[in-house]
Amino acid sequence: MLNAKVRELLNTQINKEFYSAYLYLEFSNYFKEKNLDGFANWYMIQAQEERDHALLFYQYLQNNNEIVTLDAIDKPTTGFASHMDVLQAGLKHEIYVTSLINDIYAAAYEVKDFRTMQFLDWFVKEQGEEETNANDLIAKMELFGGDPKSLYMLNQELAARVYTAPSLVL
C-alpha cells in the first residue's frame, strides 16, 4: 500500500501528463495551421509520449492495488504570437513537469518508498531528455528560423521523427 501523499501525487500526475498531451496537441495544431507539418509532427509525437506517460502512472497505481481517480483536463493555452513563443512555452512546461516529478520523488524518499523511487528513476531521466530536446529546438529556431530555406530544412528534419513507445517495465 502506498503512502497517502505519494499516492495522491502519483494520481495527480496522471492528469498533468494528459494535460501535457493536450498542450502538445495544441502546439501541433498551431504549426499545422502555419503549414509547418514537420513541427506539427514533432509535437504530435510529444503528445503521444505524454499520453503514454500518463498511462504508465495509471498502470503503476493499479499494479499497487490503488484506486485511480481521473480528473478533468484543463484547456491548454492558445493564441501564440510566434513560433518561438510555442517553443519557449514547451520548454517552460517541461521544466514544470520536471518539478512535479521531483516533488513525487521527494515524497517517496521521505517515506522510504524505494519501489516508487525506482519507478520514477525513468521519469527523472526522461525529463532531462525532454528539457534538452526543448532547448535544442529553441536553439535551432534561433539559428535558422529567420531564413525561409533554413526553416524549411528544419521543418523537414522534424518531419522525420517517428514515435517510439516507452520501454519501462513496471
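All values reported here derive from a predicted model rather than from experimental measurement.
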Quick one: does [X]'s side chain get under 4.5 Å of [Y]'s, heavy atoms only?
X: N65; Y: M1; value: no
X: H93; Y: S20; value: yes
X: N3; Y: D113; value: no
X: Y58; Y: Q13; value: no
X: E130; Y: K125; value: no
X: E126; Y: H53; value: yes
X: L137; Y: L158; value: yes

is_close_aromatic(Y19, Y22), centroid dist under 6.0 Å: no

Are F57 and F119 near enough that their ring centres are under 6.0 Å apart? yes

To check you understand the geometry: which heavy-atom pair defines the closest contact between [X] and [Y], and what is its length?
X: D103; Y: L9; result: O-CD1, 4.0 Å
X: L36; Y: N155; result: C-OD1, 3.3 Å
X: N11; Y: I67; result: OD1-O, 3.8 Å
X: S28; Y: A40; result: OG-O, 2.8 Å

Please check if any side-chain donor atom of [X] sits under 3.5 Å from a side-chain acceptor atom of [Y], or the reverse.
X: R115; Y: N64; result: yes
X: Q46; Y: R161; result: yes
X: N29; Y: Y43; result: no
X: T116; Y: Y60; result: yes
X: Q62; Y: E66; result: no
X: E131; Y: T98; result: yes
X: K16; Y: Y96; result: yes

Counting only heavy atoms not in M84 (residues, nucleotides, ligands), do more than 12 fall under 6.0 Å from its CE? yes

Q156 atom CD, over 12 foreign heavy atoms within 6.0 Å: yes

Could you tell me whether E157 and K140 have a side-chain N and a carboxylate O separated by less than 4.0 Å? yes

Are V111 and L10 linked, directly or through intermediate hydrophobic residues, by side-chain heavy-atom contacts shorter than 4.5 Å (ILVMFWY only)? yes

T77 OG1 to K92 NZ distance, which is reported to the nearest 0.5 Å: 8.5 Å

Identify the residue among I101, N102, I104 that makes a side chain to side chain contact (heavy atoms under 4.5 Å, CB included) with F123. I101

From the list Q48, M44, R51, E50, side chain to side chain contact (heavy atoms under 4.5 Å, CB included) with L25 holds only for M44

Ring pair (Phe, Tyr, Trp, His ring centres under 6.0 Å) partner of F27, the single match among F80, W42, F39: F80

